[in-house]
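Since the structure comes first, as structure tokens, the remarks are kept for the end.
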Protein chains: 2
Amino acid sequence: MLSKKTKYGLKALVYMTRKEDNKPVLISEIAESENISKKFLEIILLQLKNSGFLGSKKGKGGGYYLLKDPEQITIAALMRILEGPIAPLPCVSLHFYEKCSDCKTEEACSLNRVMVELRDSMLSVLEKKTLADLSAEG
Amino acid sequence: MLSKKTKYGLKALVYMTRKEDNKPVLISEIAESENISKKFLEIILLQLKNSGFLGSKKGKGGGYYLLKDPEQITIAALMRILEGPIAPLPCVSLHFYEKCSDCKTEEACSLNRVMVELRDSMLSVLEKKTLADLSAEG
DNA sequence: CATTAATCTATCGATTTAGTAGATTTTAAA
DNA sequence: TTTAAAATCTACTAAATCGATAGATTAATG
């Protein structure tokens, strides 16, 4: 299950993408429209800014705006920022690899092969779909 | 990411499956062999028993044993017991469906369609693979 | 009856999650 | 140059979850 943080982050980005021009959007406007706690959304958008997806402007007329083309932003990339690893186990993660302490070797691990398969099937969707796909009318 | 509970549970079941006969296996034997905290494993196996996957026998010669054919036990079924929902959002879950409070309708939810696709791609692996697949030598 | 091994009860510390409160800084506009 | 708007920063908090531990109880075997 995705955390609310990820869910809210994705929804906020879709909201911003659907705005015709690329002018700064108010946190409070997104929060109200998408039923998200404003303070929680602050944290989320700040994180997306620090990861290079969003820019911001303070003061009157300020807000957050997309820095990249929505078609260039995959759901996978966003999930790695907001949710962390996509892989079901650390030992099959491409971006957050860690050895499992309870396994002698990865070849000997009974779960490894199936989890690689699961990871790849998830990535086949998440690396293909972009913010532009989410924002397209259904 | 799967919890350690799920990981340990799956590994324990693989261990039991690989035992030639279907005699009761000691918790402590599994715990030692798989590097799992014995007390934590107790909780996990008890849960698998209460869900109908395992039987148990107390006293000398006791332990846990499989109640079903490993080929009949899908990873998906085990994950639903140990981990909970497989779906990335409650509103796309087949077994644990819940309406999202922040969405007016599911059709209007920008995430719904992609998350259905993600769920189905995960299930295509998890419903196909069984305990027998995990237990087969690699 | 003694031993073995599952089962039950009761915690526990650490971390994560989701959210709140309030002060500060930056910027645009009056 | 002041004022108001809006992001940013600091600092909490309550609740849930995770992983693990300690010890008592019950059931089965020999």
Side-chain angles (χ1 to χ4, degrees), chain A residues 1-12 16 23-51 53-67 79 81-85 88-90 96 100-102, chain B residues 1-12 16 23-32 34-51 53-67 79 81-85 88-90 96 98 100-102:
Chain A
M1 282 288 207
L2 298 179
S3 63
K4 295 205 172 176
K5 186 177 175 181
T6 301
K7 185 182 171 190
Y8 291 166
L10 292 176
K11 281 187 157 194
M16 295 172 67
K23 292 216 185 86
V25 185
L26 298 188
I27 296 180
S28 52
E29 178 186 338
I30 305 173
E32 218 168 300
S33 166
E34 301 296 318
N35 287 308
I36 304 172
S37 141
K38 189 197 160 202
K39 282 292 186 177
F40 193 24
L41 187 56
E42 275 185 20
I43 298 167
I44 298 168
L45 295 186
L46 192 55
Q47 194 176 350
L48 288 170
K49 182 196 167 184
N50 292 334
S51 326
F53 291 98
L54 294 179
S56 72
K57 218 181 130 187
K58 286 186 176 183
K60 198 168 239 176
Y64 280 99
Y65 50 90
L66 287 171
L67 283 182
M79 277 187 48
I81 298 298
L82 294 167
E83 187 80 16
L89 290 179
F96 301 84
C100 290
S101 58
D102 54 323
Chain B
M1 281 287 205
L2 298 179
S3 64
K4 294 205 173 177
K5 186 175 176 184
T6 301
K7 185 182 172 190
Y8 292 166
L10 292 175
K11 281 187 156 192
M16 294 171 68
K23 292 219 188 83
V25 185
L26 297 188
I27 295 180
S28 53
E29 178 186 338
I30 305 174
E32 219 169 300
E34 301 296 319
N35 289 307
I36 303 172
S37 143
K38 189 197 159 202
K39 281 292 185 177
F40 194 24
L41 188 54
E42 273 185 20
I43 297 167
I44 298 168
L45 296 186
L46 192 54
Q47 193 175 350
L48 288 169
K49 182 196 167 186
N50 292 334
S51 328
F53 292 97
L54 295 178
S56 73
K57 217 180 130 188
K58 288 184 172 183
K60 198 169 239 178
Y64 280 99
Y65 49 91
L66 288 171
L67 283 181
M79 277 187 48
I81 298 298
L82 294 167
E83 188 78 18
L89 292 179
F96 300 84
E98 265 177 77
C100 290
S101 57
D102 54 324

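Reminder, nothing fancy here: chain letters follow the sequence lines and each chain counts from 1. In what follows, every heavy atom counts, from backbone to side chain, and hydrogens, waters and symmetry copies are set aside.
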Please enumerate all residues that pass side chain to side chain donor-acceptor pair (under 3.5 Å) together with [X], with sequence neighbours excluded.
X       : value
A:Ser3  : A:Thr6, A:Glu83
A:Lys23 : A:Asp21
B:Ser56 : B:Lys49

Whole-Å gap separating [atom2] ([N]) and [atom1] ([X]):
X       : N      : atom1 : atom2 : result
A:Ile30 : D:dA6  : CD1   : C1'   : 13 Å
A:Tyr65 : D:dA7  : OH    : C1'   : 12 Å
B:Ile44 : D:dG19 : CD1   : C1'   : 9 Å
B:Phe40 : D:dC18 : CZ    : C1'   : 7 Å
A:Leu54 : D:dA7  : CG    : P     : 12 Å
A:Leu2  : C:dT17 : CG    : C1'   : 14 Å
A:Leu26 : C:dT27 : CG    : C1'   : 14 Å
A:Gln47 : D:dA7  : CD    : C1'   : 16 Å

Any residue meeting ring-ring contact (aromatic ring centres under 6.0 Å, His included) with B:Phe53, in chain and number order, not counting sequence neighbours: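 Partners of B:Phe53 by the ring-ring contact (aromatic ring centres under 6.0 Å, His included) criterion come out as none, since no residue qualifies.
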Applying ring-ring contact (aromatic ring centres under 6.0 Å, His included), can you list everything that pairs with A:Tyr65, at least two apart in sequence or on another chain?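 Not a single residue meets the ring-ring contact (aromatic ring centres under 6.0 Å, His included) criterion with A:Tyr65.
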Need one value for B:Ile27: base, sugar-phosphate or nothing, where a base atom within 4.0 Å counts as base even if backbone is also close, heavy atoms only.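 Sugar-phosphate: the residue B:Ile27, judged by heavy atoms under 4.0 Å, touches backbone atoms but no base.
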Considering only residues two or more places apart or on different chains, which pairs with a residue in residues 31-47 of chain A satisfy side chain to side chain donor-acceptor pair (under 3.5 Å)?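 Those involving residues 31-47 of chain A are A:Lys5-A:Gln47.
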Heavy-atom side-chain contact between [X] and [Y] under 4.5 Å:
X       : Y       : value
B:Leu54 : B:Leu67 : no
B:Asn50 : B:Ile81 : no
A:Lys7  : B:Pro88 : no
A:Met1  : B:Pro90 : yes
A:Leu2  : A:Leu82 : no

Respond yes when some side-chain nitrogen or oxygen of A:Ser56 is under 4.0 Å from OP1 or OP2 of D:dA6, and no when none is. no
Between A:Ser37 and C:dT20, is there a contact of a side-chain N or O with OP1 or OP2 at under 4.0 Å? yes
What N/O pairs connect the protein and nucleotides 26-29 of chain D at under 3.5 Å? Give each pair on its own line.
residue : atom : partner : partner atom : Å
D:dT29  : OP1  : B:Lys57 : NZ           : 3.1

Among residues 3-11 of chain A, which contact DNA chain D at a heavy-atom distance under 4.0 Å? none
Polar atom pairs between nucleotides 8-14 of chain C and protein, under 3.5 Å, N or O only, would you list them?
residue : atom : partner : partner atom : Å
C:dC8   : N4   : B:Glu42 : OE1          : 3.2

